[in-house]
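So you know, we letter chains A, B, ... as the sequences are listed, proteins then strands, and number each from 1.
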2 protein chains.
Amino acid sequence: MNKMNKYFLSENNVPFQDYFNFGLSVDCVVFGYVGEEIKVLLVQRDAEPFLGNWALPGDLVPLDEDLADSASNVLQNLTGLENIFMEQFYTFGAVDRHPAGRVATVGYYSLVKSDNYHPIASSWVKETEWFSIKDLPKLAFDHDQILEKAVSTLKSRVKYRPVGFELLPTKFTLLELQALYEALLDYKFDKPNFRKKILSMDLLVQLDEVQANVSHRPAKLFQFDEMRYIELRKEGFAFDITVKG
Amino acid sequence: MNKMNKYFLSENNVPFQDYFNFGLSVDCVVFGYVGEEIKVLLVQRDAEPFLGNWALPGDLVPLDEDLADSASNVLQNLTGLENIFMEQFYTFGAVDRHPAGRVATVGYYSLVKSDNYHPIASSWVKETEWFSIKDLPKLAFDHDQILEKAVSTLKSRVKYRPVGFELLPTKFTLLELQALYEALLDYKFDKPNFRKKILSMDLLVQLDEVQANVSHRPAKLFQFDEMRYIELRKEGFAFDITVKG
DNA sequence: ATTACTTATAGTATTTTTTACTTTAAGTTT
DNA sequence: AAACTTAAAGTAAAAAATACTATAAGTAAT
């Protein structure tokens, strides 16, 4: 690190190097949707500090790794999945948030389809488990706070971006979509009107397939059309499923 | 920092201390509104690197200072203002973004009322100046990218939160408010309809005062009612001035 | 097979909101 | 007092959201 000191000096008589003792970490909030409930993937720590406690999957960022790369690397190490929707939501930097030193952590969240997701416990993780966001254990570090922020971010973003589809299987029925949005927004929709609203957006492709193994009239299956969404956005379309207070 | 090493070891044979050589900085994007244009406050650097270049006001975070405190401290040092709306928007962590070492930076933005704002150049700043966001110089570091993200964040948040009022003087006319939103959203509103929409939200208090020194019928002055907004939010009210594509 | 039952899906009518536009009011300047 | 400028209120048409009804298409039991 001999490129330090070449440039500027601190104004407070603090030696320049003293500013370079931060640790930087990423914490990933992985959301899933199972059994009509929004779930989050937690890991049980097999290392100090907070040994045995549940925590968000996260780790320190190596000095030579980009932040965004680090987030997907951590997630991949823990889940084996690549190329999934992943977004930064907030950075936490309280002085005493980490017992091993001054560590600022950058929060990322991702939405995964439960039909092709299988978590794998990595080296310092004892176990992984999906928890309903309505029934969470006490978490290590300030992860309660981080998770809470992730949930509120998700709940507000989901109104203005079609991210909800990321949580469903590739093929889904309109009622499944409705149930997901009802879980996300904590609001009951009218079935025919929800159908109309979604279909009028012209974001779904109707498949030549229907539900299987149901003891009633099977519903048609749909698929989200990402390309169509990108096209519509260029034309000024704004996804919106805001609900009245 | 002898509380390090007490706990866990890296999994990649990287010594634990090597994770603790990050610098952390904050960069502030201060928005103002002058002459019907959205402006941003930039500072001219009087230190290496990028000596003489325009940059966002920002600085390294001391190891014993909370992140959020640091943001307002930097802003206060540069502007003399306290207690203004300030919000984190994104963290930038590319490996080579800073020539003096590995520095991740957390972006904050604030909206200031031009009628009571007077920037003061601090120690390592040669000059400060308001630039229209439509006519910006090339900035130091990756500050172009940070500023661009701040602008897009502002433009999207302004639709769903009544933050626009922060940019206006305490007392303003409805046409001034309209002009501000037109600048922010790049959209022309119909005057009577904009009035109706805003007034129907019940967020403004009409004062017993009118415009002074205008050569036409003076408009009534209004004031944003923060308390009323907090109350309405509890009842489920959602601020929204989305415009059609 | 026929009937009962369940859920999907289409349709309709009412209400509310948005939009586009017109009119009137209230001040200043000549 | 007349002309001018902008504020502010009003109105009618169009569009969207909402609440509700009816029909269709399947499964399961009789």
Side-chain angles (χ1 to χ4, degrees), chain A residues 35-36 159-160 162 168-169 171-183 185-223 232 235-245, chain B residues 35-36 159-160 168-169 171-182 185-223 232 235-245:
Chain A
E36 309 222 332
K159 294 178 195 166
Y160 309 115
L168 289 174
K171 302 167 182 182
F172 52 86
T173 71
L174 292 176
L175 201 59
E176 283 165 357
L177 183 65
Q178 180 178 341
L180 168 64
Y181 273 100
E182 289 180 345
L185 300 173
D186 200 25
Y187 180 85
K188 285 284 172 196
F189 291 95
D190 174 85
K191 194 156 53 161
N193 292 338
F194 183 83
R195 292 175 60 84
K196 254 183 290 183
K197 188 173 204 166
I198 294 291
L199 291 176
S200 74
M201 288 179 181
D202 198 23
L203 285 173
L204 300 186
V205 184
Q206 188 188 310
L207 303 172
D208 286 333
E209 235 178 307
V210 293
Q211 270 182 315
N213 303 320
V214 286
S215 69
H216 55 75
R217 174 179 175 183
K220 289 171 187 160
L221 290 172
F222 291 83
Q223 200 174 315
L232 284 170
E235 298 165 19
F237 167 80
F239 183 84
D240 193 329
I241 51 160
T242 318
V243 296
K244 61 176 184 194
Chain B
E36 308 223 332
K159 294 176 195 166
Y160 309 114
L168 290 174
K171 302 168 182 181
F172 52 86
T173 71
L174 291 177
L175 202 58
E176 283 165 356
L177 182 66
Q178 181 178 341
L180 168 64
Y181 273 100
E182 289 180 345
L185 300 174
D186 201 26
Y187 181 85
K188 285 285 170 195
F189 290 95
D190 175 85
K191 195 157 52 163
N193 291 338
F194 184 83
R195 289 176 61 85
K196 253 183 290 183
K197 188 173 207 166
I198 294 291
L199 291 176
S200 74
M201 288 179 182
D202 198 23
L203 285 173
L204 299 186
V205 183
Q206 187 188 310
L207 304 172
D208 287 334
E209 233 178 306
V210 292
Q211 271 181 315
N213 303 321
V214 285
S215 69
H216 54 75
R217 174 179 174 184
K220 289 170 188 160
L221 290 173
F222 291 83
Q223 199 175 317
L232 284 171
E235 298 165 17
F237 167 78
F239 183 84
D240 193 329
I241 51 158
T242 318
V243 295
K244 62 175 184 196

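- The closest donor-acceptor contact from the side chain of B:Q211 to the backbone of B:A219 lies under 3.5 Å.
- Backbone-only contact: B:L175 has heavy atoms under 4.0 Å from sugar-phosphate atoms and none from a base.
- Side chain of A:Q178 to main chain of A:R195: no donor-acceptor pair is present (N/O by atom type, distance under 3.5 Å, no hydrogens or angles).
- Nucleic acid contact for B:K220: sugar-phosphate only, since backbone atoms but no base atoms lie under 4.0 Å from a heavy atom of the residue.
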Quick one: which protein N/O atoms are closer than 3.5 Å to N/O atoms of nucleotides 26-30 of chain C? Pair and distance per line, please.
residue : atom : partner : partner atom : Å
C:dA26  : O4'  : B:R217  : NE           : 3.2
C:dA26  : O4'  : B:R217  : NH1          : 3.2

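- Side-chain nitrogen and oxygen atoms of B:K196 include none within less than 4.0 Å of the OP1 or OP2 phosphate oxygen of D:dA9.
- Paired with B:E209 under the rule side-chain hydrogen bond (donor to acceptor under 3.5 Å, both in side chains), one option of B:K171, B:Q223, B:K220 passes, and it is B:K171.
- The shortest non-hydrogen separation linking A:E36 to A:A183 is O-CB, 4.0 Å.
- Looking at A:F222 and A:L207, their side chains never come closer than 4.5 Å, going by heavy atoms from C-beta outward.
- Dashed line: the shortest gap from a side-chain N or O of A:K191 to OP1 or OP2 of C:dT9 is not under 4.0 Å.
- Taking the six-membered ring where tryptophan is involved, the planes of B:Y181 and B:F239 are tilted, since the angle between them lies from 30° to 60°.
- Between B:R195 and the phosphate of D:dA9, there is a side-chain N or O to OP1/OP2 separation shorter than 4.0 Å.
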